[in-house]
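Report on the following structure.
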Amino acid sequence: MNRSVLVAVNDLFFVGKIRSVAEQLGIRLTIVKQPDEVLAHVREAIPALMILDLSDARLQPLDLIGQIKSDAHLAGIKIIGFYSHVQVDLYKQATDAGCDQVLAKSAFSQMLPALLSQLA
């Protein structure tokens with residue numbers, strides 16, 4: 001089973017949190033910070049899971065989700081997106097784009113060990 005996780009997050013706090021949990025579970029992470037890097041890595045490695053910061057406009061998260069989910073070869077990659085709870089519209093936009101699971105940052109932080117342990 002592919003246990004790799006692509007992390008498209010620029011927020012160092014969340015990168016550190018994700019890295020810490022992944023290391024405890026023996027899960028390999030690849031951290032990318034630019035949208036073109038995300039697509040290149042997804043096409044090359046086809047990770048089991050992608051974690052995406054929906055609040056980071058630099059990543060163009062909705063476009064990324066749409067491109068990944070519209071490609072039959074990549075559509076099976078599970079995408080978990082997190083967002084700031086004040087960005088209420090972003091939840092619906094991400095869901096409509098095809099994001100598999102959309103969580104507020106606080107819920108994502110609480111659920112992170114359980115989310116990653118599914119790959120362990």
For this session: Test side chain to side chain contact (heavy atoms under 4.5 Å, CB included) on Val102 and Lys92 and set out the steps.
Result: CA-CA 9 Å; Val102 182; Lys92 180 166 178 13; over 6 Å; no
Exercise. Can you check whether Ile79's main-chain N or O pairs, donor with acceptor, with Asp100's side chain at less than 3.5 Å?
Worked result: yes
For this session: Please confirm whether the backbone N or O of Leu6 pairs with a side-chain atom of Thr30, one donor and one acceptor, at under 3.5 Å?
Result: no
For this session: Apply the test side chain to side chain contact (heavy atoms under 4.5 Å, CB included) to residues Leu116 and Ile51: give CA-CA distance (whole Å), side-chain angles for both, the deciding distance (0.1 Å), then the verdict.
Result: CA-CA 10 Å; Leu116 290 182; Ile51 297 174; 4.2 Å; yes
For this session: Give the minimum heavy-atom separation between Cys99 and Gly81, together with the two atoms involved.
Result: SG-N, 3.5 Å
Exercise. Judged by atom type as modelled, is there a donor-acceptor pair below 3.5 Å linking the side chain of Lys69 to the main-chain atoms of Leu74?
Worked result: no
Problem set entry | Side-chain heavy-atom pair Gln34, Gln60 within 4.5 angstrom cut-off | no
Exercise. Can you name the ring pair (Phe, Tyr, Trp, His ring centres under 6.0 Å) partners of Phe82, sequence neighbours left out?
Worked result: Phe14, Phe108
Problem set entry | Shortest non-hydrogen contact from Val21 toward Pro113 | CG1-CA, 3.8 Å
Problem set entry | From CA spacing to verdict: side chain to side chain contact (heavy atoms under 4.5 Å, CB included), Val7, Val5 | CA-CA 6 Å; Val7 179; Val5 176; 4.0 Å; yes
Exercise. Given Lys78 and Gln118, is the side chain to side chain contact (heavy atoms under 4.5 Å, CB included) satisfied, shown in steps?
Worked result: CA-CA 12 Å; Lys78 182 175 181 180; Gln118 295 173 11; 3.8 Å; yes
For this session: Provide the full list of side chain to side chain donor-acceptor pair (under 3.5 Å) pairs with a residue in residues 7-17, sequence neighbours left out, each pair given once.
Result: Asn10-Asp56
For this session: Would you check if the side chain of Ser20 reaches a backbone N or O of Gly16 as a donor-acceptor pair within less than 3.5 Å?
Result: no
Problem set entry | Nearest atoms (heavy-atom pairs only) where Ala104 meets His85 | CB-CB, 4.3 Å
Problem set entry | Closest approach of Ser55 to Ser84 (non-hydrogen atoms, all atoms of both residues) | OG-N, 3.2 Å
Exercise. Honestly curious: do Leu115 and Phe13 fall in one hydrophobic cluster under the side-chain, below-4.5 Å linking rule?
Worked result: yes
Seminar exercise, completed: Val42 and Met50 have their tightest heavy-atom pair at CG2-SD, 4.2 Å
For this session: Can you measure from CG (Asp63) to CD1 (Ile65) and round to the nearest 0.5 angstrom?
Result: 9.5 Å
Problem set entry | Counterpart residues, side chain to side chain donor-acceptor pair (under 3.5 Å), relative to Asp53 (two or more places apart) | none
Exercise. Does Val9 reach the side chain of Leu59, with side-chain heavy atoms less than 4.5 Å apart?
Worked result: no
Problem set entry | Side-chain heavy-atom pair Gln93, Thr95 within 4.5 angstrom cut-off | no
Seminar exercise, completed: The reported gap from CG in Leu49 to CG in Leu119 (rounded to nearest 0.5 angstrom) is 5.5 Å
Exercise. In Å, rounded to the nearest 0.5 Å, how long is the span from NE2 of His41 to CD1 of Ile46?
Worked result: 10.0 Å
For this session: Give a yes or no on whether the backbone of Lys33 and the side-chain of Glu37 come within a donor-acceptor separation of less than 3.5 Å.
Result: yes
